[in-house]
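So you know, we letter chains A, B, ... as the sequences are listed, proteins then strands, and number each from 1. As a basis for the values below, the full set of heavy atoms in this structure was taken, side chains included, without hydrogen atoms, waters or symmetry mates. All of these numbers come straight from a predicted model, not from anything done at the bench.
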Amino acid sequence: MLEKRETKARREGLPELTNASKGEVVLRFAPNPNGPLSFGHARGLVINNRYREMYDGVFILRFDDTDTKVKPPLLEAYDQIVEEATWLTGRAPDRVVVASDRMEHYYEHAQRMLDEGFGYVCRCSADAFKEHRIGQTNCPCRSQSIADNQALWKSMLKGSFKPGEVVVRVKTDMTLKNPALRDWPALRLQDTKSHPHPRPEIGSTYVVWPLLDFQSAVEDHLQGVTHIIRGKDLMDSTRKQTLLYEHFGWTYPETVYWGRVKVHEWGGFSTSQMRKDIEDGRYDGWNDPRLPTLAGLRDRGIKAEALRDFWIELGVTQKDISVPLATLYSHNTKAVDAGAPRLSFVREPIAFSLVGEHPSSLELAVHPNDDAMGIRAWNLKEGKVWLESEDLDHMDLRLKEFADVALNDTNAEVQGLSRSDQRPIVHWLPAINSQEAVLLETKNNELIRHRGQLEQHNHPTGTVVQLERIGYAMVLDSETLVLCHEESETP
RNA sequence: GCUGGUAUAGUGUAGUGGCCCAUCAUGAAGGACUCUCAUUCCUUCGACCCGGGUUCAAAUCCCGGUACCAGCACCA
């Protein structure tokens, strides 16, 4: 009976990792620091970290910064990524590894590859080699002697070749079924004179640089990585690297893949494109609320907890998926509501004078479900109040928590304090308790500025409040707020 | 073209031969509560890509389609 119920129960959280035992799991996540972290990176961080938690393992953050031209690293990104990862996972990475600091290790292994004859220096052009790959024929360089390879390698290191002229390949088999695996390139040359590495301590020091598949494979072994969780676009990487591991006599880590994720509301944002757009001034910075970056999300009030719940819920299936932001927002609402002080914000305010008998002050709850959060005191002596112009299509309104009123030109006549009928309830604000403010809203990649009157408060910058009848918003400064969850575009 | 991968409600997800006329979340619609278009609670809607086969029994195994995605870069 009991067993039946257990097997029927829905699996919670992530599935078990194969071949994993507590205390012996080493995981890593390796972004390219060519910009700060994006929404998609959060998946790698969250999933890897949850597994670290489950198995009491080690989590490594690694910077794969081995390309200085196509995807040049951004110097500021290194620190920012560590900081963002810490924010997201609630914990600093156990280890931070920077590939560009580990070049000697990669050289050492390249050397060994040539010495032991499972790698060679190839002087074919990219096009020429492509022919060999398609035709399943060996290129002439493949049969060079070990001594020739060693000599060529020395010349490479000395800088006797130009980028594009020579490359180090892993000897696999040119007749392999999968063309992607045939004698794949492991290291190449980069012109670091005209494209220096942005880290000053690296700069133009090296001309020979490892490619991802080689660098990553060697580094995973050096760091003792046991499980790799990566996108399925890297499935062939696994196969290439497994071939290399066989040559070295190593055992390849267990791998798990996830599919592609698209967000309905965001098209294809690439880090390189965002970087360009920011430089061109189309966005204010990496934390612009319109951008799908971690910084952008954080700075408009999306909590790390919501991001974590979101990604754990999606799990690690290999399906390519497309998710609406509404799902993330629903997680964020859960994370934020109980602690969000309520505030009144009147957009496009119209002034009215309160006439008739009424109390001179009013006390409102900071949070309707939590008395402990205190009260808000409003002063009604002056009598000037703000109403939202959109609410004025009715002349009889109920001012929330206060009174039934009848509107005429400029007066709001108090008809009674208790609710007497089903007239609409609207939010409002005494002028004396309010100040001018702007509410930012992202919509269709635009930034809309709603001007209005905001209830005075002393919540610090970064507080997520709830603007009654509008939505959750984060305090940016004394007169600016940003809406956390923009309205859905497809109702 | 070659190679590999994936297909469960609108969107995600659970499910590894009988507990499944299929789980949970989200969404939509309705309702309760509430002096917010919030929160909370309740109800309803809605799916196993198609066609064969194996089996007493298939979402689950096999075969064949179809669709979508990825790799075949001196990017990561």
Side-chain angles (χ1 to χ4, degrees), chain A residues 3-5 7-12 15 30-34 63-73 99 122 124-126 129-130 133-134 136 163-169 176-182 184-190 208-209 211-213 215-216 231-240 257 259-262 264 271-272 309-310 313-315 317-324 326-331 333-334 336-338 340 342 344 364 367-370 398-404 417-419 423-427 466-472 487-488 490-491:
Chain A
E3 281 174 10
K4 249 187 179 177
R5 202 186 267 161
T7 47
K8 171 90 183 186
R10 183 174 211 269
R11 201 202 76 227
E12 291 285 339
N32 181 337
N34 62 340
F63 293 108
D64 280 349
D65 57 345
T66 53
D67 183 281
T68 63
K69 190 178 176 184
V70 183
K71 290 181 177 170
C122 175
C124 300
S125 69
F129 193 84
K130 192 175 179 181
R133 185 170 47 235
I134 295 169
Q136 305 192 26
E165 287 179 349
V166 64
V167 75
V168 177
R169 295 187 181 281
L176 250 21
K177 276 195 165 194
N178 187 343
L181 312 185
R182 297 171 192 159
W184 54 272
L187 301 100
R188 74 349 189 148
L189 263 24
Q190 290 195 101
V208 179
W209 284 83
L211 268 336
L212 171 81
D213 287 313
Q215 178 269 128
S216 176
K232 68 173 188 179
D233 51 314
L234 261 23
M235 274 182 163
D236 283 346
S237 272
T238 299
R239 297 182 184 105
K240 289 190 214 174
Y257 306 96
R260 227 175 73 150
V261 177
K262 275 205 310 206
H264 288 166
T271 302
S272 337
D309 292 346
F310 173 86
E313 186 174 272
L314 294 196
T317 65
Q318 290 188 34
K319 233 165 103 179
D320 297 312
I321 56 176
S322 180
V323 288
T327 306
L328 173 64
Y329 292 160
S330 117
H331 284 293
T333 296
K334 287 184 181 73
V336 128
D337 182 76
R342 309 289 129 132
S344 190
L364 301 162
H367 195 295
N369 306 340
D370 185 4
R398 172 147 186 96
L399 304 189
K400 187 168 180 290
E401 310 266 15
F402 178 50
D404 284 358
L417 296 184
S418 56
R419 190 169 183 193
R423 64 183 71 191
I425 298 167
V426 302
H427 67 292
Q466 189 204 69
L467 303 178
E468 289 180 317
R469 299 213 302 141
I470 297 173
Y472 302 97
E487 276 179 45
S488 154
T490 46

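- B:G71 atom C1' lies 14 Å from atom CH2 of A:Trp184, rounded to whole Å.
- In this structure, A:Lys262 does not reach the B:C69 phosphate: none of its side-chain N or O atoms is under 4.0 Å from OP1 or OP2.
- Rounded to an integer number of Å, the gap from CZ of A:Arg469 to C1' of B:A38 is 12 Å.
- Summarising the geometry, atom CD belonging to A:Glu313 is positioned 10.0 Å from atom CD belonging to A:Glu12; distances are rounded to the nearest 0.5 Å.
- Per the geometry, CZ belonging to A:Phe402 stands 17 Å off P belonging to B:U36, to the nearest Å.
- B:A7: Watson-Crick or G-U partner is B:U66, with both key distances under 3.5 Å.
- Within 4.0 Å (heavy atoms only), A:Pro31 reaches no atom of the nucleic acid at all.
- Remark: B:U34 base-pairs with no nucleotide; criterion is Watson-Crick or G-U wobble with both hydrogen-bond distances under 3.5 Å.
- Nucleotide B:A14 forms no Watson-Crick or G-U wobble pair with any nucleotide shown, as no partner meets the under 3.5 Å limit on both distances.
- Summarising the base pairing, B:A28 is matched to B:U44 through a Watson-Crick or G-U wobble pair whose two defining distances lie under 3.5 Å.
- Taking atom CG of residue A:Asp233 and atom C1' of nucleotide B:C75, one finds them 12 Å apart after rounding to whole Å.
- A donor N or O paired with an acceptor N or O is found under 3.5 Å between the base of B:C75 and the side-chain atoms of A:Lys71.
- Under the Watson-Crick or G-U wobble criterion, with both distances below 3.5 Å, B:A22 has no partner in any strand shown.
- Base pairing analysis places B:C61 opposite B:G53; the two distances defining the Watson-Crick or G-U wobble pair are each below 3.5 Å.
- Heavy-atom minimum distance, A:Lys240 versus A:Ala180: CE-O, 3.6 Å.
- Atom name C1', nucleotides B:A29 and B:A9: the rounded distance is 16 Å, in whole Å.
- Atom name P, nucleotides B:A14 and B:C75: the rounded distance is 37 Å, in whole Å.
- Atom pair A:Asp236:CG and B:U3:P shows a separation of 12 Å (rounding to whole Å applied).
- A sub-4.0 Å separation between OP1 or OP2 of B:U8 and a side-chain N or O of A:Lys319 is present.
- One atom, CG of A:Asp404, and another, P of B:C35, lie 14 Å apart when rounded to the nearest Å.
- Pair assignment for B:G1: B:C72, on the basis of Watson-Crick or G-U wobble contacts that are both within less than 3.5 Å.
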| message | salt bridge (Lys or Arg N to Asp or Glu O under 4.0 Å), that's the test. Do A:Asp213 and A:Arg239 meet it? Break it down for me. | response | CA-CA 10 Å; A:Asp213 287 313; A:Arg239 297 182 184 105; over 6 Å; no
